[in-house]
Amino acid sequence: MSNGIKYCKKRLKQENAPICGIYAFLNGFYDGNKKRCWNNLAHDLWNESLTPKFDSLPNYLNADIVNRYSLLGEFFSSRNLRNFLNHINNMRANNWNSLSKLVRQTGKELLVFHADYIDANLDWSDLIKDLDNEKTNTQSFYLVPINSWQFSSSDTKNNKKRDRNNMHWICVKKEGNKVIILNSASDKSGEKWAKKHAGKCKLRSISSIDDLNAIKRNMKEEREYKSNTNFNFTDWLGKLKYRCRCHKGYPEAFYERVNEIRKKDTYEYSFEKSNFDILKVTYWYRDIEKRELKHQRR
């Protein structure tokens, strides 16, 4: 298999919603059909990720405080996203049923799936071999954390801009004999920043295994997410204050937390306790006969 990576245009897009982790997961199953149904499922999962109640929102967040779920739908830690996906797998509720029904439209009966970390030292060439050697009726895809664009906020004291870092999730999987990326972002600016942070910025998007390798190494080793690289929710919401009002389909809990955050002068997430492991999602399925599938689609 070549070192190059192809882009899949048949992908689900997250638009302005802060749920790239959920969309990266769904893109692992997505086959390019029934986009509206998959988007509805994304919003169901978004609502599920906001289920826990906070008595009061502390000014300072990290992976331990948010724990298994997310604050606004984002997942800034591989551990949190893994735990949430396995929570969804263990559910016997509408979210699981909806996922099963959509996967059936691809000709597969979804039996079970599981998300876990892969070895932090795993070489991408081994990962590709893993994709090549998948057993019959077992498939895998990978959720890869990357540095996304930098948000800047004014530092009036020093009269300059301060960088506020973000992160993004992309889906990597095999299609035929090719490795493909499904990026739910509307553009590839996040990948450009990821390559810049990793010391490479000649291209706008990830185009090879070498690029992924540099980004993975940067996330795990070179770039230290300490208290001085917080993500500022207040800055982010300030840029979205008009757009958010236009999306009536967003979960009610999202708006409740947005309103709480806007009451504060600053509201930040520290990456200090976040881990940035690649997640491998493996799912087991049964092939559905074409006659049975045709009957189901009527």
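Hydrogens, waters and symmetry mates play no part in the numbers below; they use all other heavy atoms, side chains included.
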Participant: State, with a plain yes or no, whether a side-chain heavy atom of Ile5 is found less than 4.5 Å away from one of Val172.
Facilitator: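 Answer no - side chains too far apart.
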Participant: Output the distance between atom CG (Leu45) and atom CG (Asn40), rounded to the nearest 0.5 Å.
Facilitator: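 The CG atom of Asn40 is 11.0 Å from CG of Leu45, to the nearest 0.5 Å.
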Participant: Checking side-chain polar atoms at under 3.5 Å, does Tyr117 have a donor or acceptor matched by the opposite partner on Ser78?
Facilitator: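 Absent: no donor and acceptor within the cut-off.
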Participant: State whether the side chain of Asn259 and the backbone N or O of Tyr255 hold a donor-acceptor pair below 3.5 Å, judged by distance alone.
Facilitator: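 Indeed, once roles are kept as given, a pair shorter than 3.5 Å links the two residues.
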Participant: Can you confirm whether the side chains of Tyr283 and Gln139 place a donor and an acceptor under 3.5 Å from each other?
Facilitator: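 Per modelled atom types, Tyr283 and Gln139 side chains form a pair under 3.5 Å.
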Participant: Indicate if Met219 and Ile181 have the same hydrophobic cluster label, given that clusters are the connected sets of ILVMFWY residues with side-chain heavy-atom separations under 4.5 angstrom.
Facilitator: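 Linked within one cluster.
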Participant: Main chain of Thr234, side chain of Lys264: is a donor-acceptor contact present, judged purely on distance under 3.5 Å?
Facilitator: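 Flag not set: sc Lys264 to bb Thr234 has no pair under 3.5 Å.
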Participant: Which of these, Trp38, Trp169, Phe113, Tyr30, sits in a ring-ring contact (aromatic ring centres under 6.0 Å, His included) with Phe25?
Facilitator: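 It is Phe113, the one option of Trp38, Trp169, Phe113, Tyr30 that forms the ring-ring contact (aromatic ring centres under 6.0 Å, His included) with Phe25.
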Participant: Considering non-hydrogen atoms only, spot the tightest contact between Lys173 and Ser140 and give its length.
Facilitator: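 So the minimum-distance heavy-atom pair works out to CB-O, 4.5 Å.
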Participant: Roughly how far, to the nearest 0.5 Å, is CG of Asn89 from NE2 of His114?
Facilitator: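 CG of Asn89 is found 8.5 Å from NE2 of His114.
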Participant: For Tyr23, enumerate each residue passing the side chain to side chain donor-acceptor pair (under 3.5 Å) test, keeping only those at least two apart in sequence or located in another chain.
Facilitator: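 Residues passing side chain to side chain donor-acceptor pair (under 3.5 Å) with Tyr23: Asn39.
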Participant: Please find the pair of heavy atoms, one from Ile146 and one from Ala194, that lie closest to each other, and give the distance.
Facilitator: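 Looking at all heavy atoms of both residues, the shortest contact is CB-CB, 4.0 Å.
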Participant: Would you indicate whether the side-chain heavy atoms of Leu61 and Asn230 approach each other to under 4.5 Å?
Facilitator: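 Sidechains of Leu61 and Asn230: no contact.
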Participant: Just by distance, with hydrogens left out, do Asn275 and Asp277 show a side-chain donor and acceptor under 3.5 Å apart?
Facilitator: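 Note: Asn275 and Asp277 side chains meet the donor-acceptor criterion.
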Participant: Write down the atom of Ser205, the atom of Asp211, and the distance for their closest heavy-atom approach.
Facilitator: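 Closest pair (atom of Ser205, atom of Asp211, distance): O-OD2, 4.1 Å.
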Participant: Is Asp210 reaching over with its side chain to a backbone N or O of Asn213, donor-acceptor style, under 3.5 angstrom?
Facilitator: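 No.
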Participant: Taking C-beta and beyond as the side chain, do Cys20 and Met167 meet within less than 4.5 Å on heavy atoms?
Facilitator: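 They are not in side-chain contact.
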Participant: Quick check: closest heavy atoms across Ser77 and Ser274, and the distance to 0.1 Å?
Facilitator: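 So the minimum-distance heavy-atom pair works out to CB-OG, 4.0 Å.
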Participant: Working to the nearest 0.5 angstrom, can you tell me the gap between Lys174 NZ and Ile180 CD1?
Facilitator: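 One finds 10.5 Å between NZ of Lys174 and CD1 of Ile180.
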Participant: Taking Gln14 for its side chain and Ala17 for its backbone only, find out whether a donor-acceptor pair lies under 3.5 Å.
Facilitator: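 Yes; judged by distance alone, with no hydrogens or angles, the pair exists.
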Participant: Tell me if the aromatic rings of Phe76 and Phe271 count as close, with their centers under 6.0 Å from one another.
Facilitator: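 When the ring centroids of Phe76 and Phe271 are compared, they turn out to be within the sub-6.0 Å range.
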Participant: Could you tell me which residues satisfy ring-ring contact (aromatic ring centres under 6.0 Å, His included) with Trp46, sequence neighbours excluded, listed by chain and number?
Facilitator: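 Per chain and number, Trp46 pairs via ring-ring contact (aromatic ring centres under 6.0 Å, His included) with His43, Tyr250, Phe254.
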Participant: Is there side-chain contact between Arg79 and Asp64, with at least one heavy-atom pair below 4.5 Å?
Facilitator: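 Yes, their side chains come closer than 4.5 Å.
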Participant: List the steps and the verdict of salt bridge (charged side-chain N to carboxylate O under 4.0 Å, His left out) for Lys263 and Glu260.
Facilitator: CA-CA 5 Å; Lys263 294 176 183 177; Glu260 288 297 315; 3.3 Å; yes
Participant: Would you confirm whether Asn90, through its side chain, and Asn86, through its main-chain N or O, come within 3.5 Å as a donor-acceptor pair?
Facilitator: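 Yes, the answer is positive, given that a donor and an acceptor are paired below the 3.5 Å cut-off.
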Participant: Hey, can you tell me if Trp236 and Phe231 have their rings parallel, tilted or perpendicular (30° and 60° cut-offs)?
Facilitator: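 Because their plane-to-plane angle lies in the 30° to 60° range, the rings of Trp236 and Phe231 count as tilted.
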Participant: Minimum heavy-atom separation for Gly32 to Lys10, with atom names?
Facilitator: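 Looking at all heavy atoms of both residues, the closest pair is CA-CB, 4.0 Å.
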Participant: Decide yes or no for Glu175 and Lys6: does some side-chain heavy atom of the first lie under 4.5 Å from some side-chain heavy atom of the second?
Facilitator: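 Glu175 does not reach Lys6 side chain to side chain.
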Participant: Can you measure from NZ (Lys35) to NZ (Lys13) and round to the nearest 0.5 angstrom?
Facilitator: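 Result: 6.5 Å between the selected atoms.
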Participant: What verdict does the side chain to side chain contact (heavy atoms under 4.5 Å, CB included) test give for His87 and Tyr69, after you've listed the backbone C-alpha separation in whole Å, the side-chain angles of each residue and the deciding distance to 0.1 Å?
Facilitator: CA-CA 10 Å; His87 160 70; Tyr69 300 90; 3.7 Å; yes
Participant: Can you measure from CD1 (Ile19) to CZ (Phe75) and round to the nearest 0.5 angstrom?
Facilitator: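 Here the rounded value is 9.5 Å.
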Participant: Determine, step by step, whether Arg82 and Asp116 satisfy the salt bridge (charged side-chain N to carboxylate O under 4.0 Å, His left out) criterion, reporting the C-alpha distance in whole Å, the side-chain angles of both residues, the deciding distance to 0.1 Å, and the verdict.
Facilitator: CA-CA 6 Å; Arg82 181 204 65 172; Asp116 211 343; 3.7 Å; yes
Participant: Between Tyr142 and Ile170, is there a donor-acceptor pair closer than 3.5 Å when you use the side chain of the first and the backbone of the second?
Facilitator: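 No: the side chain of Tyr142 does not pair with the backbone of Ile170.
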Participant: Side chain of Arg11, backbone of Ala185: donor and acceptor closer than 3.5 Å?
Facilitator: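 A pair under 3.5 Å: yes.
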Participant: If every non-hydrogen atom of Cys37 is compared with every non-hydrogen atom of Leu102, which pair is closest and at what distance?
Facilitator: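 Closest approach of Cys37 to Leu102: CB-CD2, 3.5 Å.
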Participant: Where do Ile261 and Val258 land on the side chain to side chain contact (heavy atoms under 4.5 Å, CB included) test, with the steps shown first?
Facilitator: CA-CA 5 Å; Ile261 292 171; Val258 164; 5.6 Å; no
Participant: If hydrophobic clusters are built by linking Ile, Leu, Val, Met, Phe, Trp and Tyr wherever their side-chain heavy atoms come under 4.5 Å apart, do Leu85 and Leu182 end up in the same one?
Facilitator: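 Result: no, two separate clusters.
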Participant: Are Phe84 and Ile278 linked, directly or through other ILVMFWY residues, by side chains that come within less than 4.5 angstrom of each other?
Facilitator: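 As far as the 4.5 Å side-chain criterion goes, Ile278 and Phe84 are connected within one cluster.
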Participant: Measuring only between side-chain heavy atoms, which start at C-beta, is Val103 closer than 4.5 Å to Tyr285?
Facilitator: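 No - every pair of side-chain heavy atoms lies 4.5 Å or more apart.
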Participant: Is there a side-chain contact between Lys195 and Ile215 (heavy atoms, below 4.5 Å)?
Facilitator: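 Of all side-chain heavy-atom pairs linking Ile215 with Lys195, at least one is under 4.5 Å.
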Participant: Under a 3.5 Å threshold, yes or no: a donor from one side chain and an acceptor from the other, between Glu191 and Asn183?
Facilitator: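 Distance-only check passes for Glu191 and Asn183.
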Participant: When rounded to the nearest 0.5 angstrom, what is the spacing between CG in Asn80 and CG in Leu71?
Facilitator: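 Asn80 CG to Leu71 CG: 11.5 Å, rounded to 0.5 Å.
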Participant: Does a side-chain heavy-atom distance below 4.5 Å link Glu74 with Phe233?
Facilitator: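 Answer yes - side chains close enough.
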